[in-house]
Structures are given as C-alpha cells and as structure tokens.
Amino acid sequence: MEMDAGLWALEERKDSITVKGKHKKQLKCDTDSVAGCVSQRACVYCGARVVLNPITDAVHLVHGPIGCASYTWDIRGSLSSGSELYRNSFSTDLQEEDVIFGGEKKLARAINDLVEKCNPKLVFVYSTCIVGVIGDDLEAVCKAAAKKHDIEVIPVQSSGFIGNKAAGYRAACDALTRLIAPQKSVKMFRNRSINYLGDFNLAGEAWIIKNYIKQMGIDINVTFTGDSNYEALKKAPQASLNIIQCAGSMSYLAQKMQEQYEIPYIRVSFLGIEDTSESLRRIAEAFNDKEITRRTEKLIKNEIEKVRPTIEGYREKLSGSKAAVYVGGGFKAISLIKQFREIGIEVVMIGTQTGRQDEYDTINTLVDDGTVVLDDANPTELERFMVQKGANLLVGGVKERPLAYKLGVAFVDHNHDRKHPLSGFTGAVNFAREVYSTVCSPVWKFVQQGRQSL
Amino acid sequence: MKRDKANYRNVNENPCNMCMPMGGILPFKGVEQSMVILHGSQGCATYMRRHIAEHFNEPIDVASSALNEKGTVYGGEKNRKQGLDNLIKLYSPGIIGILTTCLAETIGEDIGRITSDYRNEHELHRLPIITVPTPGYGGSHTEGYWLAAKQIVSGLARQTPRHSKINIIVPHISPADIREIKRILDRMDIDFTLFPDFSDTLDRPFSKTYKKIPNGGTRIADIAAMPGAAATVQIGITIDDDLSPGRFLEREFGVPLYNVPIPTGLENMDLFMNVLTEITGSCMPLSLEQERGRLLDCMIDSHKYNFEGRSVIFGEPELVYAVAKTCMENGIFPVVAATGSKNAKLAELLTAEIDKYERQVVLLMDSDFDQIRQNSTSAGANIAIGHSDGRYLTEREGIPLVRLGFPIHDRVGGQRVLSVGYLGTTMLLDRVTNTLLENKYKNYRSSMYEQFYHNGHENNISGKILLSGTEG
C-alpha cells in the first residue's frame, strides 16, 4: 500500500511517525506533547499515581483541587492480599481561598485527620499543577507531619506541567527510593530472593508470576508495586536481583538500586508464551544453579503443554488478521508484536504514549516492512492508519476503545482497568481468547451488511 | 429534618463530584460542529476524555494546550495559539470552546485577550470562539456545565425578531432523555430550539463512515435566534442566576423564563406539561395521556413494595431534587440526599418538600462518599440511586445501587438510561422497585429464619421487627 506519513500529518508530528523499511530516520519520542493535537497521554500526576497507587496500606493523598482525585478513584484493577486502604482517593480539595492564601496548613490538617482515622505507616502526598505554582512547600509540610506522627510522609513531585507521563514515573521512583532507604542503624542482609519491578498486580498478574518463580525455587522479596505494602517495601534492599517488567516506569528505580545497593537487574516480560519462557530462563541463568534451571525447564514445559492446544485452536481462527497497537509503554508494545505472532496475527501499526528510544529501536527490528510506528499518536493518526493499513483489531486503553468500535474494528483492552490477567501462560490463553472474542464476534457480520446497504 | 451545616473538612474522602472544566466540555458537545480545547496541562484533557468516553462509549476528542514548565513560567500564550492552529487544521470546527483549568487560571492567563488577538491575527471573524473560565477549584462539574452553557448562549445570541419557537434548555441528562424530551415536544406540535443537544453527538448510531466531529448538536443559527423565542423553558431549578442561560436571555432580551425541574416523577412531569401547555396553548395529546395513565398504573402496582424503600440519593443537584421527589411520591422515603456541589437552592427546595412529610432526611451539600456512606448506614438506607461511584456503598455496606446520572463507568449503556417523561419515569421506577424486590427475595428466607426460628425464642416477636425497615 502506498502511503506517506508526512503529507497530511501536522508538521510538528512528522518526526514522530515512521514507516518501517521506508524511512531511515530515527523516531522522535519522549518529548512534550504538541499543543492542540489531541494527545492520548495523561500527565505527570497520572504517571506517579499509576506506579504508587498499588501500595496497599498507604494513604494516597492528592494535594490539589478535587478533579485529580476524582478521576483516579479506584479505577484500576490492582488487587491486594491485605489492606484495602489504597482503594480510597483522598484529596485536600483546594478551594479558591487556598489558592490565594496557600494550602500548606490545610494539607497539614488533612494529614493529621487521616493519620487519626486510618493509622497508616505511610502517606504519599501527590503534588498537582497548582501546588507547583502557588509554591506550597510540600517537602517541609511532609517532614513536619512525619516527625509529629512518627510515620513516613513522602511528597511526590507530580505537578502536571513539569513534563509528560514519564516524568511522573520518575517522581514515583524518587518517592520509592526514599521509602526503601534503610536507616543507618539497620543492617541489611542480602538473601537469595528477587524484587519484581513493574507489575501492578492487575487482576492478580503479580501473583501468577510469583507462583512461577516459587516453583523455580526462588522467592520474590517484594513486587514494585503490585500488592506491596510498607513492611515489604522496606526490605527491598535485601534482594540479590531485580527483574523489571515495565521498563518505562521502573528502569530508573532499578538503576538507582544498582547504584545504592549493588543489586543487578535484568529486563523481563511475561506477556505471551515466548517472552514468558525466555524471561523465566533468564532469571534462572542469573542464579546459575542447576536445580533452579532444571525446575525452570520443567515448569516451562508443563505450562506450555497445558496452554498450547488452546492457543493453537485460536490461532487457526485468527490467522491472517491484522492488528494495530497503541499502548502506554514500550515493553508492552514489544511483547505484543511477538504475542500476536504466536496467534498468527501481523501488527500493521504500533505506537506508545511513553516509549523510549531503545524500545522503539527494538520495535523497529521486530515489525515487518510497511508497519507504521508512531509515538504519542492522536485520534486522527490512529484512525488514519487503522483504516489505511486495514487493521481488524486495535489494542489500547479506554479512550481508544470507542474509536475502534466506531470504525467497526475489534478491540482488546490492554490497560490498567482490566479484570482478567494477561500475564504468564495463563494470561497468554486469556489474551488469545479475548482477541478471538472480539475479532470473531458475530457482530461484525451485521456491520458489514450495514455497510453494504447504507 | 436534619441539615449538616458545619460541613467543613480538611480531607475529601472519595469524591462525589468532578471538576469544573469537565462539566464545561459537555454543553459544547451539544453544539453542531464544535471542538473544545482545554488551556492547561495535558493530563486534564486526557482524564476528562477518558471519564466522558467511558460513560457514553463514544470517542471524545478534546484538545489541550499542553502547558509545560516553560509555558507556566513565561505564560501560555504560545501554546494556546499553537493549540488553536493545530485544532483548526485537524478538525476544521464550526465553533471552538476554550476552557481554562486550575493551572491557566492560577498563572493568570488572560484568555479573553489572547483569543481576540488570535482572531484578529488570523482574520477568523466568522469562526465563533467561546471562552469559559473554569478553574477546577472554582466549582464542581455542575457549575462548569452551566457556566459553559451560559457562555455559549451569551456568545452566540443575537437580537432577533420575535418568532414562535420556544427555547428548551436542558441540564446534564442522558442522550436518551434528550431524545425523549424532543419526542414529547414533537407530539405536542411545538416548534422549539433545544440546547445543548448532545443526543446524537454523544450517542451516535453506527454508520458507514466515521466523522471526527459527529453530526448533530444544536445549530449555531438556532442558538443565535434564541433571543427571539416566545419563552424559555429551562430544566434547572437549582441553578444560580449568574450561571443561568435562561436568566441571561430574560435579562438581556426579555424572553420570559420558566424554570422547571427535570421531568422525572409524576408531579415534575405534570409541571413540565403544564408549563408547555400554558406557553403554547397546545394540549396534552392522547398518547401522552395514556403514558401518564400507565405511569399511574405502575405506581399503584408497585406502591407496597416501594414502601419498604429507604433511599440514599446522590449526584448533581438537579438530579437529586428530581429523584428525591420521585421517591417521595412513591413512598420510597429518601433518608439521605447528597451532592458534591455547593448548592443553596437545592437545600432550600428539598427542605420545603421534606417538611411536608415530617420525616428525617439527612441533606448533605459539598459532600463526599465517606460522609454519604456513614449517614446511609446510620439512617438504614436500603437502596442507593445515583452514578456508578455509588458502587462503593454496595461493596462496603451492601446497599444495592440503581445507576442513574454521570458517570456510569462500570456498566454499559450510560448514554441510553431513560428517566424523563411519563415513560422514562415508569422505566426508572420499575428499576428501583425491582432492585428492592431482588434484595428482598435474596434475603427474606434467611432473615426470617434468623429472626423467628433461630433466635425466635429470645426475641420479642412483634410487628415492630417485621416492619423495622419502613420506620422513618
């Protein structure tokens, strides 16, 4: 299909769209969104909240006007085996007079009230746009509150305008770095366990992976941040290895932990059979232990035997379909290309909100010639390329779903709201089933009929 | 009646309202060929788009000026202008709404001046650009909705010779509700301009070709001609005069204003019909008489079941008023009525209604779900009516929820929920009654067993226990 990404797009967007095999240029990414182009990205606060919110026994207090807390109240599918405190959305609900006279006192009183009511060991205070402008000294208020109540009160510097969503990931990682830093008097003993970074336990995904790792003979020390809590996070420096899945949000923390605690890290992904198997093998290799390797191979063999027939069944039905992918981070996009191949589907368009250069390089080596690769896309571009490339399916989040449906295209929800796991071998089956349920739905027959008669 | 006056608190725990610019987006979606840009950081637009899209199951395109650190420090004019340029290139809209956010207002952006400069530079004299100051801390989404509606009317209205149409101004109700109101007006042969009409734009039929800006919405020419109408019927008895588009048309152009409640419930709908017949001289057609008769029949069929209902109602002020009245006329006495907005008129109006019944009702203004939950439990609420966030009451306290209002994000069909008119009221009432019945059937075997068989010899078995759920 003949196409030129550059002719119709906004001038400012041209460098963020490439076609594999056609353009030699490197994709422009990790920049500010272009004004007026209707970006699908959220803000710094969103990035920070996504990463920290799964910490179950923390008070998550948003210092700002009500909207920021309202739009993020219990909307994600992170599960907890313990406290449910994280499922509340607390806000200082700043009013006009607070904006004029400052919100520090109200914030201090809010923390007092919450400590009295919820008795937490840990409070995160998220900064929002106006806090960054009116000049509240978040650091000082949090420090005083921590001292007063003898708990940890950690400010999260997430004012919306200081960057894009990725800046929010860094703000969250900074908060986590502070949280896990041991007091000087406490001696840390290294044990043979791993920290699992970048899994938010959506629909129990971190539990699935934890079970695999346990079967290999290794313990998960703590997960960042799915189903984690104050006590468990405090022990993070004891682990001997960090594995990172969502690299976009967690690479920064992994690097910090390598510098500060000499914990090495490896990248993993548990989306799809191929990446799950390869990731488990890499973890086993890192331990260089024959028994672990033996157990790992056995686990992989057993699990693949269990799921392969089902997935093969779906593959037969789905073969030849074309998918468009627009997701938050790069790791997910990379895994999805491979996972789609496992079920016979070619990716014809792929983009992310916050992918990084190295991730786009990997994407570029994986996709076929002619595939459109784009960063920070808008609805106009998504529509244009889905139609032009003849996609039968879009993978994305809540905002993208109605667009796909209006175009008469199938849709897979790959966002933090999901209610069924897409990780590991179990998740691979769920994924194939979800793709099948939407691509092969009887509804499209009527859509086609409707098209002909309209 | 108990009213919580000392409502000040330092923490809002689980909000019952959204912010001003979110509400401001909606009336623009009810104007033909319109597009909105939010002046602020990128996240605001995205969060609101997500929230609105999930309720309506429609693509919601809203641009952002994507203010960054530089724009925040040195002023956001450049972003705003670039934003408008790109928006026009991508969407070619017929009208643009510019809503501000917390950030733009706090850094003191003069959007009026920036906009007029932009129009002059680009010679865009024929493209209406409506600006609305909507800082998130300036009010809830309800105030945002009305302010935007008023700004659109005041921005587009032109001195017009008298004509026979009437203006119908609607609050934040569902697309299905708007369609029902239009059907009723058509049945009565009334010539009208309904604003804002998002019945097609936020609930569009599947069609062969996709349009970025959907068809439908009130025509700009019709809004411009609103000052010539015979009267305005504004569904909005809780609106502050400063935010009221109907009041604006009355003050500036002398269009007589009739404020009426949402026509949900027999009395509210009768009032709506009375106002329409009074203004237009047309009478209620037989088909609507029959719908009224069926509603009355439904009310009789259900009255004993409804008598066991003790409702907690929450959401936007207009909705809370209409639903509370509907509950009262059906014997489902509201024990808690709450809104996240600050609205003195709602309190006043509800107090007048409630006083007729000599019952205890907890009225919560500027409330949150923590407060609603506590009051619902202590008042023994057994049914909740409001938007999806009320699932919190179901999960924590086992109070079943009838989903109504905005947002409905954990079920499909928020855009199709019909609750106005005699027909819509009947449908809503059936949902409410059946929720009460479902809960009763689910529990009565075990609760009777617990009360009379298991503990029967210890308890004082009297009618009092049996009827305890109905005490006021």
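This structure is a prediction, so every number in the text was calculated from the model and none was measured. Every chain is numbered from 1, with letters handed out A, B, ... down the list of sequences.
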With a 4.5 angstrom heavy-atom cut-off, could you sort out which part of A:Leu94 is near chain B: side chain, backbone, both or neither? backbone
Any carboxylate oxygen within less than 4.0 angstrom of a Lys/Arg side-chain nitrogen, looking at A:Arg87 and B:Glu395? yes
Best-contacting candidate, A:Ser70, A:Cys43, A:Gly67, against chain B by heavy atom pairs under 4.5 angstrom: A:Ser70
Pair B:Arg373, B:Tyr392: side-chain N/O donor-acceptor within cut-off below 3.5 Å: yes
If you count heavy-atom pairs under 4.5 Å between each of A:Ser39, A:Cys37, A:Gly397 and chain B, which one has the most? A:Ser39
If we define contacts as heavy-atom pairs under 4.5 Å, which of B:Pro407, B:Ser64, B:Pro135 has the most with chain A? B:Ser64
Under a 3.5 Å threshold, yes or no: a donor from one side chain and an acceptor from the other, between A:Tyr45 and B:Ser41? no
To the nearest 0.5 Å, how far apart are CD1 in B:Ile213 and CG in B:Asp61? 8.5 Å
With a 4.5 angstrom heavy-atom cut-off, could you sort out which part of A:Glu12 is near chain B: side chain, backbone, both or neither? side chain
Heavy-atom distance under 4.5 Å to chain A: side chain of B:Lys342, backbone, both or neither? side chain
At a 4.5 Å cut-off on heavy atoms, which part of A:Thr128 comes close to chain B: side chain, backbone, both, or neither? neither
If the threshold is 4.0 Å, N to carboxylate O, is there a salt bridge linking B:Glu58 and B:Lys29? no
Interface moiety of A:Lys117 toward chain B, non-hydrogen atoms closer than 4.5 Å: side chain
Result for side-chain hydrogen bond (donor to acceptor under 3.5 Å, both in side chains) between B:His39 and one of B:Arg80, B:Glu109, B:Glu77 points to B:Glu109
So which of B:Gly40, B:Cys102, B:Gly340 has the biggest tally of heavy-atom pairs under 4.5 Å with chain A? B:Cys102
Counting heavy-atom pairs under 4.5 angstrom with chain B, the leader among A:Leu403, A:Asp93, A:Ile162, A:Asn88 is A:Asn88
B:Lys89, NZ: over 12 other non-hydrogen atoms inside 6.0 angstrom: yes
Would you find a donor on one side and an acceptor on the other, under 3.5 Å apart, between the side chain of A:Ser89 and the backbone of A:Ala69? yes
Checking B:Tyr91 against chain A: side chain, backbone, both or neither under 4.5 Å from a heavy atom? side chain
Salt bridge A:Arg41-A:Asp375, side-chain N to carboxylate O under 4.0 Å: yes
Examine whether an atom of A:Asp417 lies under 4.5 Å from a heavy atom of chain B, and if so say whether it belongs to the side chain, the backbone or both; otherwise answer neither. side chain
If you count heavy-atom pairs under 4.5 Å with chain A, which of B:Ile60, B:Leu84, B:Leu87, B:Asn17 comes out on top? B:Asn17
Side chain, backbone, both or neither: which part of A:Pro402 has an atom under 4.5 Å from a heavy atom of chain B? both
If you define the side chain from C-beta out and look only at heavy atoms, does anything of B:Arg391 sit under 4.5 Å from B:His409? yes
According to the interplanar angle, ranging from 0 to 90°, do the rings of A:Phe124 and A:His60 count as parallel (below 30°), tilted (30 to 60°) or perpendicular (above 60°)? parallel
Less than 6.0 Å separating the ring centroids of B:His387 and B:Phe369? yes
Looking at B:Val11, B:Asp410, B:Asn14, B:Asn57, which makes the most heavy-atom pairs under 4.5 Å with chain A? B:Asn14
Any chance CD of A:Glu116 has more than 12 other-residue heavy atoms, nucleotides or ligands included, within less than 6.0 Å? no
Where does A:Asp113 contact chain B at under 4.5 Å (heavy atoms): side chain, backbone, both or neither? side chain
Name the region of A:Arg13, side chain, backbone, both or neither, that has any atom closer than 4.5 Å to a heavy atom of chain B. neither
For chain A, which of B:Asp85, B:Ile37, B:Val62, B:Ile107 has the most heavy-atom pairs under 4.5 Å? B:Val62
Options A:Arg401, A:Glu383, A:Glu400, ranked by heavy-atom pairs under 4.5 Å with chain B, top entry: A:Glu383
Under 4.5 Å heavy-atom distance to chain A, tell me which part of B:Met20 shows up: side chain, backbone, both or neither. neither
Looking only at B:Ser65, B:Ser140, B:Gly136, most heavy-atom pairs under 4.5 Å shared with chain A are made by B:Ser65
